[in-house]
Asker: 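Dumping the structure here so I can ask a few things about it.
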Amino acid sequence: MFNLPDVYKLDVSMALKDFIPRDVKPNDKKRIKDAVKSVKLEYQIAGEEIPSVINEEYRCQVIQFYDIEVENIKDAKFLASTYQNLIKPFCVLHMYDMKDEVYSLAIKRLNQTDNTQIVMEQSLVTQAFMLNVPDSSRERFLTYVDFVQIKNKQDKVSLYKEWFYKVYMLQNENAYAKVDTVLESNFWYDSVRTAQIALKYVELVKQRESLKKAVTNAERMKINKGIKAAIQELSESI
């Protein structure tokens, strides 16, 4: 997965009974039981070759990669929402059925009032990629998430955030015509600049979504003005 080095490979199968949370509602428990066919903890980035981050905001000592076979890919969003909230470390969930696959990522931080709990700040589930047939979107995705191509490995949080925001940009590539310039830029080496540019990209996506919902011409004109300004800001930041 993500062309990770073999040193991080675990390939540990998990018993389904251990993967079904005890404290979820009975209907959700049944839905999980019906949806999930098998689970593996396939990779885990641990150790200090890529430094951990332990501070007031993060307790990031590992990044986990789960391989989850499902009956139907339509259950992926439900499973992603459930498990990204339950699994405390940063993780990538790869879910697939006979025809399609999706990936789930989420940025999490410690709860400031209870550091045994996490708060999910941002999450996403990718579009479905077709298996067993040529899929240019899938190939493009795999190119940009390839571990070898990731630029910022100064610590595990920076590494995961580069993955997250590159996937976010790929999922919303129509928001900005020069998205490849963003994805291939060297600003990714700088965590502060990455955060700033990612925020601008997220704001641009939100404005384009608002434009779709606008009713009056006045609203559309105002939003279009904001979009132009956001594009200008983004272009100047790269």
Side-chain angles (χ1 to χ4, degrees), residues 1-10 41-66 80 83-85 87-94 103-112 115 117-126 140-173 175-176 178-206 233-238:
M1 196 184 302
F2 289 15
N3 196 28
L4 291 165
D6 286 342
V7 67
Y8 299 126
K9 192 171 182 66
L10 295 181
L41 177 54
E42 190 172 9
Y43 289 87
Q44 180 168 277
I45 296 177
E48 296 305 311
E49 183 177 351
I50 300 173
S52 299
V53 177
I54 301 175
N55 55 33
E56 293 182 356
E57 193 171 7
Y58 300 106
R59 190 171 294 150
C60 182
Q61 295 173 283
V62 298
I63 301 173
Q64 297 180 328
F65 296 78
Y66 290 87
Y83 284 101
Q84 287 290 6
N85 277 292
I87 299 170
K88 292 181 180 180
F90 285 160
C91 65
V92 176
L93 308 180
H94 171 232
Y103 293 81
S104 162
L105 296 89
I107 295 177
K108 312 165 188 180
R109 62 169 175 78
L110 294 175
N111 187 314
Q112 297 302 295
N115 64 14
Q117 302 299 317
I118 58 167
V119 175
M120 194 156 62
E121 293 187 321
Q122 293 174 279
S123 64
L124 63 82
V125 177
T126 67
R140 179 169 161 77
F141 170 85
L142 293 175
T143 296
Y144 282 112
V145 299
D146 189 309
F147 181 81
V148 176
Q149 302 302 322
I150 295 298
K151 296 179 178 179
N152 195 337
K153 299 184 179 82
Q154 69 179 27
D155 59 58
K156 293 183 178 74
V157 171
S158 297
L159 168 62
Y160 189 86
K161 285 189 173 182
E162 182 171 342
W163 265 321
F164 181 92
Y165 286 117
K166 282 187 170 178
V167 174
Y168 178 87
M169 290 171 185
L170 285 167
Q171 292 301 112
N172 296 278
E173 61 181 329
Y176 185 61
K178 298 179 181 178
V179 66
D180 283 348
T181 302
V182 182
L183 291 166
E184 294 166 11
S185 173
N186 285 328
F187 73 76
W188 296 99
Y189 287 110
D190 184 331
S191 297
V192 174
R193 284 193 68 204
T194 294
Q196 292 170 343
I197 292 170
L199 186 64
K200 293 179 191 296
Y201 204 100
V202 170
E203 181 57 34
L204 177 58
V205 171
K206 288 180 178 178
E233 275 191 50
L234 189 56
S235 298
E236 291 173 354
S237 299
I238 300 168

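When reading the values below, keep in mind they use all heavy atoms of this one structure, side chains included, and skip hydrogens, waters and symmetry mates.
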Asker: Do side-chain atoms of K153 reach the backbone of F147 as a donor and acceptor pair under 3.5 angstrom?
Answerer: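 The answer is yes, because a donor-acceptor pair under 3.5 Å joins these two groups.
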Asker: If you compare all heavy atoms of Q44 against all heavy atoms of Q64, which two are closest, and at what distance to 0.1 Å?
Answerer: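 Minimum heavy-atom separation between Q44 and Q64: OE1-NE2, 2.8 Å.
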Asker: Describe, in one word, how the ring planes of F2 and F65 are oriented to each other, choosing from parallel (under 30°), tilted (30 to 60°) and perpendicular (over 60°).
Answerer: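 Ring orientation, 0 to 90° scale: perpendicular.
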Asker: Please find the pair of heavy atoms, one from Q149 and one from T143, that lie closest to each other, and give the distance.
Answerer: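 So the two residues come closest at CG-O, 3.7 Å.
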Asker: For K156 versus V62, what's the shortest heavy-atom pair and its separation?
Answerer: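 That closest heavy-atom pairing would be CD-N, 4.0 Å.
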Asker: Hey, what do you get for CD (E173) to CZ (R140), rounding to the nearest 0.5 Å?
Answerer: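 Nearest 0.5 Å value for the CD-CZ distance: 4.5 Å.
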Asker: How long is the straight-line distance from CG of N55 back to CG of N115, given to the nearest 0.5 Å?
Answerer: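 Answer rounded to 0.5 Å: 11.5 Å.
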Asker: Does CD in E56 sit with more than 12 non-hydrogen atoms of other residues, nucleotides or ligands closer than 6.0 Å?
Answerer: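 It does not: E56 CD has 12 such atoms or fewer within range.
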Asker: What's the separation between atom CG in D146 and atom NZ in K166, rounded to the nearest 0.5 Å?
Answerer: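 Taking CG in D146 and NZ in K166, the distance rounds to 10.0 Å.
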Asker: Just by distance, with hydrogens left out, do Y176 and S235 show a side-chain donor and acceptor under 3.5 Å apart?
Answerer: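 Side-chain D/A pair, Y176 to S235: present.
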Asker: May I ask you to decide if E184's main-chain N or O and K151's side chain share a donor-acceptor pair within less than 3.5 Å?
Answerer: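 Yes, K151 side chain to E184 backbone: donor-acceptor pair under 3.5 Å.
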Asker: Quick one: pull up CZ in R193 and OG in S185 and give me the separation to the nearest 0.5 Å.
Answerer: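 Going from the CZ atom of R193 to the OG atom of S185 covers 6.0 Å.
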Asker: Kindly say whether F187 contributes a backbone atom to a donor-acceptor pair with the side chain of T194 at under 3.5 angstrom?
Answerer: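 Here the side-chain-to-backbone pair exists.
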Asker: Mind checking whether Q196 and S237 have side chains closer than 4.5 Å, heavy atoms only?
Answerer: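 With C-beta onward as the side chain, the pair stays apart.
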Asker: What are the two closest non-hydrogen atoms of D155 and V157, and how far apart are they?
Answerer: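 Heavy atoms only, the tightest pair is OD1-N, 3.0 Å.
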Asker: Angle class for the Y165/Y168 ring planes (parallel below 30°, perpendicular above 60°, tilted otherwise)?
Answerer: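 Aromatic pair Y165/Y168 classed perpendicular.
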Asker: Give the minimum heavy-atom separation between V205 and A175, together with the two atoms involved.
Answerer: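 Minimum heavy-atom separation between V205 and A175: CG2-CB, 3.8 Å.
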Asker: Check side-chain hydrogen bond (donor to acceptor under 3.5 Å, both in side chains) between Y201 and all other residues, then give those that pass, not counting sequence neighbours.
Answerer: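 side-chain hydrogen bond (donor to acceptor under 3.5 Å, both in side chains) check on Y201 returns nothing, list empty.
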Asker: Would the number of heavy atoms belonging to other residues, nucleotides or ligands and lying under 6.0 Å from NZ of K178 be above 12?
Answerer: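 Not more than 12 within 6.0 Å, no.
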Asker: How would you list, by chain and number, every residue that makes a side-chain hydrogen bond (donor to acceptor under 3.5 Å, both in side chains) with N85, sequence neighbours excluded?
Answerer: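 Once residues adjacent in sequence are excluded, N85 has no partner under the side-chain hydrogen bond (donor to acceptor under 3.5 Å, both in side chains) criterion.
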Asker: Taking only residues two or more places apart in sequence or in another chain, which ones pass salt bridge (Lys or Arg N to Asp or Glu O under 4.0 Å) with E57?
Answerer: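 Counting only residues at least two positions away or on another chain, E57 forms no salt bridge (Lys or Arg N to Asp or Glu O under 4.0 Å).
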Asker: Any heavy-atom pair between the side chains of I45 and L159 that's under 4.5 Å?
Answerer: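 Heavy-atom side-chain distance check passes, below 4.5 Å.
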Asker: Mark yes or no for whether Q122, through its side chain, and M120, through its backbone, hold a donor-acceptor pair below 3.5 Å.
Answerer: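 Such a contact is absent between Q122 side chain and M120 backbone.
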Asker: Got a second to check how far L170's CG is from D180's CG, nearest 0.5 Å?
Answerer: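 It comes to 8.0 Å.
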Asker: Taking the six-membered ring of Y160, is NZ or CZ of K108 closer than 6.0 Å to its centre and within 45° of its axis?
Answerer: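 Relative to the ring axis of Y160, which defines the angle, K108 lies outside at least one limit.
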Asker: Do V92 and V145 have side chains that get closer than 4.5 Å, going by heavy atoms?
Answerer: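 Counting from C-beta outward, V92 and V145 never come under 4.5 Å.
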Asker: Please say which of F141, Y144, Y103 ends up in a side-chain contact (heavy atoms from CB on, under 4.5 Å) with V167.
Answerer: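 One option only clears the test, and that one is F141.
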Asker: Are Q84 and S104 linked by a side-chain donor-acceptor pair shorter than 3.5 Å?
Answerer: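 Looking only at side-chain atoms, S104 and Q84 do form a donor-acceptor pair, the distance falling under 3.5 Å.
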Asker: Crowded around E48 CD? As in, over 12 foreign heavy atoms under 6.0 Å?
Answerer: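 Counting other residues, nucleotides and ligands, CD of E48 exceeds 12 neighbours.
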Asker: Can you tell me how far CD1 of I118 sits from CD1 of I107, rounded to the nearest 0.5 angstrom?
Answerer: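 Between atom CD1 of I107 and atom CD1 of I118 there are 12.5 Å.
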Asker: Is the backbone of W188 close enough, under 3.5 Å, to the side chain of N152 for a donor and an acceptor to pair up by distance?
Answerer: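 Yes; at least one donor-acceptor contact below 3.5 Å.
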Asker: How far apart are the C-alpha atoms of E121 and R109, what are their side-chain angles, what is the distance that settles it, and do they pass the salt bridge (Lys or Arg N to Asp or Glu O under 4.0 Å) test?
Answerer: CA-CA 7 Å; E121 293 187 321; R109 62 169 175 78; 3.0 Å; yes
Asker: Can you name the nearest heavy-atom pair linking L10 to L41, along with the distance?
Answerer: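 Nearest heavy atoms, L10 then L41: CB-O, 3.6 Å.
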Asker: Could you tell me if the side chain of K9 sits less than 4.5 Å from the side chain of L4, heavy atoms only?
Answerer: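 They are not in side-chain contact.
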